[in-house]
Every structure is written in structure tokens, then in C-alpha cells.
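Note sheet for the following structure.
Note that this is a predicted model, so its numbers are computed, not measured. Below, read A as the first sequence line, B as the second, and so on, with proteins coming before strands; counting in each chain starts at 1.
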Amino acid sequence: AQSVTQPDIHITVSEGASLELRCNYSYGATPYLFWYVQSPGQGLQLLLKYFSGDTLVQGIKGFEAEFKRSQSSFNLRKPSVHWSDAAEYFCAVGGQTGANNLFFGTGTRLTVIP
Amino acid sequence: DTAVSQTPKYLVTQMGNDKSIKCEQNLGHDTMYWYKQDSKKFLKIMFSYNNKELIINETVPNRFSPKSPDKAHLNLHINSLELGDSAVYFCASSQGQTTNEKLFFGSGTQLSVL
């Protein structure tokens with residue numbers, strides 16, 4: 001069965017500090033992997049996605065994520081966090097065949113302090 | 001112009017009532033979705049329609065009935081509302097129905113059943 005684990009419910013970082021949000025997945029086949037961000041009162045917005053190829057993917061707003069098959073992980077990183085990055089971050093996994101039926105993690109809330 | 005818009009933004013109602021949430025997308029997408037986000041931020045797909053045809057129907061009580069009058073609209077009707085239906089409901093759309101398609105989310109409808 002597929003699952004996504006985001007072990008950190010809440011992370012607080014200082015503005016300008018680096019960030020890493022963890023995501024571990026379980027999927028029976030080669031997965032598609034995504035990170036979405038949800039700002040307060042808003043819907044989710046796609047940050048980046050991994051399908052195949054280079055395991056380090058770049059996204060919007062200066063985010064990147066690295067797919068590590070051996071660790072079943074897809075961690076999200078940003079070298080220098082901005083106050084506007086405060087939001088809820090969701091990792092998601094889906095199959096390479098069939099209809100779009102993403103399985104989401106329970107999210108990590110990011111607080112940025114000045 | 002809002003790409004995916006859903007109304008109302010807030011819905012407070014009594015147990016046993018019937019209510020509807022409307023969703024419209026102006027992106028010209030073929031596929032639309034309803035997701036439910038519970039109080040623990042867990043986001044789970046409920047339904048997906050492609051060109052007005054139901055393609056994903058997760059294990060959802062049959063009190064929930066989606067209706068797609070055309071491919072730009074996907075409404076959600078809920079009969080006999082229960083306390084456990086309280087959640088945030090997100091509409092989303094994508095160009096196609098496969099997993100590699102980017103999802104565009106509405107800003108959510110917060111349903112509170114009293």
C-alpha cells in the first residue's frame with residue numbers, strides 16, 4: 001500500500017537560515033513525487049515534482065528536492081528561507097500509470113522567525 | 001481572474017441538512033477533482049471527473065454526490081450532513097487525468113456541521 005510520512009509536524013527556522021523538510025514514501029512501483037505548498041486560507045500550489053532522470057529537481061521560489069531511492073525519501077530544501085515561505089508543506093506520491101490519484105502526507109508547518 | 005474558484009468559502013450548517021459546494025475552473029482543463037482535508041490536515045481525494053465522466057470514486061459515503069454539468073464545473077452535493085463531514089473541501093483541476101499533470105487547487109470551502 002502506498003503511504004507518505006512527513007515526520008516533522010512543525011518546524012521553526014530563522015529567516016535566512018537553511019531549511020530541509022523530510023518526506024519518506026512507500027510505493028510498490030516507481031513513484032511520481034511532488035511537493036505542494038499551502039499558504040493560510042489558500043489552496044495548494046505545486047512547488048516541484050520528480051518523474052525520472054536527474055534525482056535533484058529544482059522548483060519555484062528557490063526550492064529543490066532530492067529523490068533517494070535507497071532511502072525512499074524525497075526531502076525538500078531551501079538554502080535561505082524568507083518570511084514569505086511560512087506555510088504548510090505537503091509531500092505527495094502517485095503512480096506512473098493510471099489516473100491522477102495522489103496520496104498526500106499530513107504536512108509540515110513551517111514558521112519563520114525574524 | 002481566479003483559475004479555480006469554489007463557493008462558498010465558509011459553510012456552517014446543522015446536522016441533517018443538505019448542502020452544495022460549487023466549483024468552476026477557467027483554465028480549459030479536462031479533469032476536475034474534489035479533495036477533503038480533515039482537522040489533522042490529511043488531504044484525501046474523493047472524486048475525479050474527466051470530461052464530465054467519473055474516473056475516480058474513492059470510498060466515500062453515498063451521501064456525497066458529485067455532479068459535472070460541463071467540464072468547467074464540478075459541484076459537490078452532500079445529503080444528511082453529519083458532524084464528521086466537517087472539514088475543508090478543495091476543488092482542483094488538471095489538464096489531463098494522469099499523475100504527471102500539475103494540480104491547480106481552489107482556495108477551499110470550510111464546512112462546519114453543528
Consider only side-chain heavy atoms of I, L, V, M, F, W and Y, link residues closer than 4.5 Å, and tell whether [X] and [Y] are in one cluster.
| X | Y | value |
| --- | --- | --- |
| Leu33(A) | Leu47(A) | yes |
| Tyr89(A) | Tyr25(A) | yes |
| Leu27(B) | Ile60(A) | no |
| Ile56(B) | Leu44(A) | yes |
| Val4(B) | Met46(B) | no |

What pair of heavy atoms forms the shortest contact from Lys49(A) to Asn100(B), and how long is it?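 Nearest heavy atoms, Lys49(A) then Asn100(B): NZ-O, 3.6 Å.
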Does the side chain of [X] reach to within under 4.5 Å of the side chain of [Y], using non-hydrogen atoms?
| X | Y | result |
| --- | --- | --- |
| Leu43(B) | Thr106(A) | no |
| Leu102(A) | Tyr35(B) | yes |
| Phe104(A) | Lys41(B) | no |

At a heavy-atom distance under 4.5 Å, which candidate from Gln110(B), Gln37(B), Lys9(B), Gln6(B) has the highest pair count against chain A?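 Ranked by contacts with chain A, first place is Gln37(B).
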Donor-acceptor pair, side chain of Thr99(B) and main chain of Gly95(A), under 3.5 angstrom: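 Yes, because the side chain of Thr99(B) sits within donor-acceptor range (under 3.5 Å) of the backbone of Gly95(A).
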Margin query: Using modelled atom types and a 3.5 Å cut-off, is there a donor and acceptor pairing between side-chain atoms of Tyr36(A) and backbone atoms of Leu103(B)?
Written below: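 Indeed, once roles are kept as given, a pair shorter than 3.5 Å links the two residues.
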Out of curiosity, [X] [atom1] to [Y] [atom2], how far, rounded to the nearest 0.5 Å?
| X | Y | atom1 | atom2 | answer |
| --- | --- | --- | --- | --- |
| Leu48(A) | Lys102(B) | CG | NZ | 11.0 Å |
| Phe103(A) | Phe42(B) | CZ | CZ | 4.0 Å |
| Gln38(A) | Phe105(B) | CD | CZ | 8.5 Å |

Among residues 76-91 of chain B, which residues come closer than 4.5 Å to chain A, judged by heavy atom distances?
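Near chain A, by residue number: Phe90(B).
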Practice prompt. Please check if atom CD in Glu53(B) has more than 12 non-hydrogen atoms from other residues, nucleotides or ligands closer than 6.0 Å.
Written response: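 Atom CD in Glu53(B) is not packed in, count stays at 12 or less.
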Check your understanding: Is it the case that more than 12 heavy atoms not belonging to Ile9(A) sit under 6.0 Å from its CD1 atom?
Key ->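 For Ile9(A), atom CD1 is not crowded (no more than 12 foreign heavy atoms under 6.0 Å).
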**Prompt:** Thr98(B) versus chain A, heavy atoms under 4.5 Å apart: side chain, backbone, both or neither?
**Reply:**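 Both parts, backbone and side chain.
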I'd like to verify something: which residue of Phe90(A), Tyr32(A), Phe34(A) has the highest number of heavy-atom pairs under 4.5 Å with chain B?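 Sorted descending by pairs with chain B, the first entry is Tyr32(A).
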